[in-house]
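Scroll down for the structure; my scribbles are underneath it.
Owing to the predicted nature of the structure, the values given are computational and were not obtained by experimental measurement. Proteins come first, then strands; the chains are lettered A, B, ... in the order of their sequence lines, and each starts at number 1.
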Amino acid sequence: MSNIPKTYEPQNFEKEIYAAWERDKHFHTTADAKGEPYCIVIPPPNVTGQLHMGHALDETLQDILIRYHRMKGDNTLWMPGTDHAGIATQAKVEEQLRGEGTNRYELGREKFLERVWQWKEKYGNRITYQLRTLGSSCDWERERFTMDEGCSAAVRKVFVQLYNEGLIYRGTRITNWCPKCNTALSDIEVEHETEQGHLWHIRYPFKDGSGYVEVATTRPETMLGDTGVAVHPDDERYKNLVGKTLILPLVNREIPLFADSYVDKNFGTGAVKVTPAHDPNDFEMGLRNNLPQVKVIENTGVMSDGLGKYSGLDRYECRKQIVADLEAGGYLVKVENHEHAVGHCQRCHTTIEPLVSKQWFVKMETLAAPAIEAVKSGELKFVPERFTKIYINWLENIRDWCISRQLWWGHQIPAWYCDDCGEMIVSETDVHECPHCHGKNLRRDEDVLDTWFSSGLWPFSTLGYPNDTAELKKFYPTSVLVTGYDIIFFWVARMVMMGLKFQGKVPFKYVFIHGLVRDELGRKMSKSLNNGVDPVEVIEKYGADSLRFMLVTGNTPGNDLRFYWSKVESARNFANKIWNASRFLLMNLEENPLPPNPDTLSFELADKWIFSCLEKTRANVTKNIERFELGEAARLLYEFIWFYYCDYYIELTKSRLYGSDARAKATALFVLATVLEKALRLLHPFMPFLTEVIRQKLPNAEGSIMVVNWVTEDELREFIPDDKDGIEKFANQILEIVKTIRNLKSEIGIDSRKKTKIILRVANTDNKINLQEHVSYISELAFAEPIIFADEKPSHAMSGVIEGVEIYLPLEGLIDTEKEIARLTKELEKVRKGAASTSGKLNNERFLSKAPADVVQAERDKLVAANEKISSLEQRINQLENL
RNA sequence: GGGGUUGUAGCUCAGAUGGUUAGAGUGCCUCGUUGACAUCGAGGAGGUCACAGAUUCGACUUCUGUCAGCCCCACCA
């Protein structure tokens, strides 16, 4: 008996297999290796992060593509690495410090950064280790980090060049500020959510006592910083009042009533209080109308000094106080409920405060134009295509990108300020002396760059930029980028812009977009809901192959998918099925050596048929992988292996395997082994571990499955019968007969495995001879014995009809005639209905004249078959009725 | 306010360039313990493909509209 375990236990082999792959350097390639270059750069996970389902999906899709291309013979590089993830990582270390009763300011910048690096060393390997357990075939020898030397050099070089070209500038502008993270943010790091708020109507009296203007605001606390009230120039209500002076309530500041076409006449009262320091639109209006900026809210979200009793209050406390005071002073007219969008920090969800500050920006328009063009021209393609529109729309409406962050963890901005002469120096290398005044009192800009700035360079910084490396020449542009739709703006668009700017070419030819992995209720997996499923746990329980297969099946590009444990189980069951089919073969091989040479064998119908199925599967799987339809490819493999190979083919080899004809036995073994080995190769990208471990046990395979060729048409050609279609058609007829017999047996409660006498009545003589020759297939699959070919129509029998064949299951006693008539009548109705629709088409002149000839012919054939079936059924029913 | 997307069996989802008896997994029902596999095998029930029009000889598949859900973008206080 075989020593192979009866069930699939991935825990027994996945780790060792991965270690062997890595040891044998199967993941590694070089620029001068042969083959077409195929390269994917990994979307770098956060160094301090842990593997989650989103990663698992992303990595699985990439690994499938990578493994497929490597087998195809391409020079395949999967470039791995991690991202320093500025805010996220810094926040974690700050949290740790909080636990120790200290903070980063007490520690100081240098010490703090040491701590972050320590943290990175400690947890930076966790994520890459977890990637390994998934089977990711990354070239780990090339692993990179967004803050390693090379990436940092790339960042400095790009920054300096953009600055010198005027595409990076420093400016005092209103930007999104997170009071909790204490840093500026870019527009896309702000998440807008509609909230139920209020609209406070407030009276601002004229200085001359001639009444008042009523303004409406959602943020009354900002009134402390008002420096004007705006109305639309064409607004008749205010036309004569423009230019007059108002007294700002509570503050008693004199502010002008002015006209600006930004104002919407139809909203609220048509008069807007203007706070240039705390609202983006007001900021613009302030600039246009020369209004002073009065800052009343500090970076921490607390009211500024010099505001009397309001100073030091939290912004929302202050709001309450202001409203109360306005009401007490008789300035508050009314309060309305008002739904509006409020910005929140993507990281900590704190409400964003627009603040005026000095920040660094990237000028986007000139960078965006070629990035739009690259997609419009088809140089870069999105899969699925619909994401191109989203991408283009965003780039066409792009605004300048605020890239400075008031953090410590990240790429420090390469700018120095001379305290002696006030000049600013932007430089790739550290500056110790001012080139203008030769002063030595230089201060480096304290800010760091947005994490996405370095991510934007990832496709070329990892390949060696700023050095002109062989890798860069060979692998850039990379082949495809695989990522979720949630970071198209953050990352994809920026890589395209930077790639075009600094390499003159798109960074990748395809962007393969996938969706989110949700929980069983369709909710996003999140920490706060605690509904996340840990991929590591899934791998430990069911194996990486099961997880991978589950993530890939039944999913299409760009669509979200739900995680179900039952789906993982189903994938595991598939793995177990393969395991046992292989075990069956290996057990038989123990007693019979595998024939080395197919020339000595004699292939029979079943053999030719399974090879035809394999070839079809090979062609379709390949096609679907090329089209990124990985779910469909996986489905085809599942279908071939389980239904065709296991359910039918293996069963059909048993009589030969257990029989005494040595040549027949050898043939069956050969085909079993050959088809399995090729199927394993086709499945390898999806289930790398299982396919490797099984293939290593096969006598007809050598080396690692990872580096053996992808199955080709040429390789299969010698096994494909000339009359492929005819064989397939005949095989289908046999399978239909088998199904009918099984059905009849089940209908009368005979055990499906109990041998039962069957009578076949075949219309066509050639067909009859052919069926007689292969009658063993029917008896083996349907447990039918004996099978008699006859012209008689036994009356005491159950019957079924398929095209060209009547099938009888004779019974010893009397059959329940009425029940049988009812069953056959039901069948008859079904066939008649089909025939009616077919003849309807054929009676339609326009169908005959307009439909293509082959479609018409197919309908004709269909009708003939249906009519035959109808007449058989009618005769049978008639016969039974006359018993 | 724009834009996208989804609506197919109880549940989760597949179904290029229009012509299938509309599929799978899972769940459900009936039957089955001789060895590849009960992580299995055999059979079965279950869908007017959201709704209404249009195009067409023919629409689950194309177009338009309606309804319902989800998502993204947006500086109306």
Side-chain angles (χ1 to χ4, degrees), chain A residues 1-2 4 6-8 174 187-188 192 199 215-219 222 230 262-264 266-275 279-284 338 340-341 354 386-387 389-390 393-394 397 399 485-486 488-489 516 520 522 542 550 553-556 558-562 564 566-567 569-588 623-624 627 629 631-632 635 638-639 646-647 650-651 654 739 742-747 749-754 782-783 830-831 833-834 837 841 844-852 854-856 858-859 862:
Chain A
M1 201 52 192
S2 172
I4 302 165
K6 199 172 166 180
T7 52
Y8 160 70
I174 193 154
D187 292 340
I188 50 176
H192 291 273
L199 199 55
V215 300
T217 181
T218 55
R219 304 190 55 199
T222 62
Y262 160 77
V263 179
D264 179 356
N266 302 317
F267 187 89
T269 59
V272 192
K273 63 185 263 320
V274 180
T275 323
D279 180 279
N281 298 310
D282 294 5
F283 180 81
E284 296 296 330
H338 181 66
H340 61 144
R386 67 182 131 96
F387 289 103
K389 208 170 173 177
I390 295 172
N393 184 53
W394 186 70
N397 297 293
R399 296 159 66 192
Y485 57 69
D486 48 336
I488 292 177
F489 304 145
L516 267 39
E520 357 194 306
Y542 292 93
M550 173 267 161
T553 41
N555 186 236
T556 38
N559 283 3
D560 292 349
L561 67 111
R562 297 193 193 189
Y564 279 91
S566 66
K567 283 207 280 192
E569 269 180 42
S570 160
R572 189 271 320 264
N573 294 351
F574 178 48
N576 186 246
K577 189 75 183 176
I578 298 167
W579 184 264
N580 275 289
S582 312
R583 194 164 147 264
F584 170 76
L585 169 64
L586 292 167
M587 282 163 64
N588 280 286
K623 185 180 78 186
N624 279 294
R627 293 170 45 201
E629 295 286 354
E632 181 65 4
R635 209 208 92 235
Y638 183 96
E639 186 179 76
C646 293
D647 286 352
I650 284 185
E651 293 308 319
K654 285 181 179 171
K739 267 204 126 171
R742 285 171 172 175
N743 185 313
L744 291 175
K745 287 166 87 171
S746 167
E747 199 73 41
I750 299 177
D751 177 354
S752 61
R753 301 175 81 92
K754 185 168 184 256
F783 291 87
K830 223 168 112 185
V831 183
K833 221 174 133 190
S837 121
K841 282 183 195 173
N844 185 336
E845 282 300 323
R846 308 182 69 174
F847 172 73
L848 294 175
S849 60
K850 296 204 174 185
D854 58 324
V855 173
V856 175
E859 291 297 317
K862 221 194 268 177

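- Under the 3.5 Å distance criterion, with hydrogens and angles disregarded, no donor-acceptor pair is assigned to the side chains of Thr553(A) and Lys567(A).
- Among the atoms of the strands shown, none is found under 4.0 Å from any heavy atom of Lys273(A).
- Asp264(A) comes within 4.0 angstrom of a nucleotide base, judged by non-hydrogen atoms across all strands.
- Residue contacts for Val263(A): at a heavy-atom cut-off of 4.0 Å it reaches a base atom on one of the strands shown.
- Residue-level contact check: Tyr564(A) touches the backbone only, with heavy atoms under 4.0 Å from sugar-phosphate atoms and none from bases.
- With rounding to whole Å, Trp394(A) atom CH2 is found 11 Å from C73(B) atom C1'.
- Residues Asn266(A) and Asp751(A) each lie close to RNA chain B; by heavy-atom proximity, the contact nearer the 5' end of the strand is made by Asp751(A).
- Looking at heavy-atom distances under 4.0 Å, Asn559(A) makes contact with sugar-phosphate atoms alone, never a base.
- In the interface, the side chain of Arg572(A) is paired with the base of U39(B) through a donor and an acceptor atom under 3.5 Å apart.
- Comparing C11(B) with G27(B), their C1' atoms are spaced 7 Å from each other, to the whole Å.
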- Task: Give the B/S/- string for nucleotides 15-28 of chain B, one per nucleotide from 5' to 3', where a protein heavy atom under 4.0 Å of the base yields B, of only the sugar-phosphate yields S, and otherwise -.
- Result: SB--BSS---S---
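- Residue contacts for Asn397(A): at a heavy-atom cut-off of 4.0 Å it reaches no nucleic acid atom on any strand shown.
- With sequence neighbours left out, His192(A) forms a ring-ring contact (aromatic ring centres under 6.0 Å, His included) with no residue at all.
- In this structure, Tyr262(A) has no ring-ring contact (aromatic ring centres under 6.0 Å, His included) partners at least two apart in sequence or on a different chain.
- For Trp579(A) and C37(B), the CH2 to P distance is 14 Å, given to the nearest whole Å.
- Arg562(A) has a side-chain polar atom (N or O) that falls below the 4.0 Å cut-off from OP1 or OP2 of C13(B).
- By the salt bridge (charged side-chain N to carboxylate O under 4.0 Å, His left out) test, Arg219(A) pairs with Glu221(A), Glu353(A), sequence neighbours left out.
- The residue Lys833(A) sits apart from the nucleic acid: no heavy atom pair falls under 4.0 Å.
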- In dot-bracket, 5' to 3', how would RNA chain B read with Watson-Crick or G-U wobble pairs under 3.5 Å, [ ] for crossing ones and | for pairs to another strand? (((((((..((((.....[...)))).(((((.......))))).....(((((..]....))))))))))))....
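- Side-chain atoms of Lys745(A) come within 3.5 Å of backbone atoms of Ser752(A) as a donor-acceptor pair (strictly under, hydrogens ignored).
- Considering only residues two or more places apart in sequence or on other chains, Phe584(A) meets the ring-ring contact (aromatic ring centres under 6.0 Å, His included) condition with none of them.
- Within 3.5 Å, no donor on the side chain of Lys6(A) pairs with an acceptor on the base of C37(B), nor the reverse.
- Within 4.0 Å of Phe489(A), counting heavy atoms only, lie sugar-phosphate atoms of the nucleic acid but no base atom.
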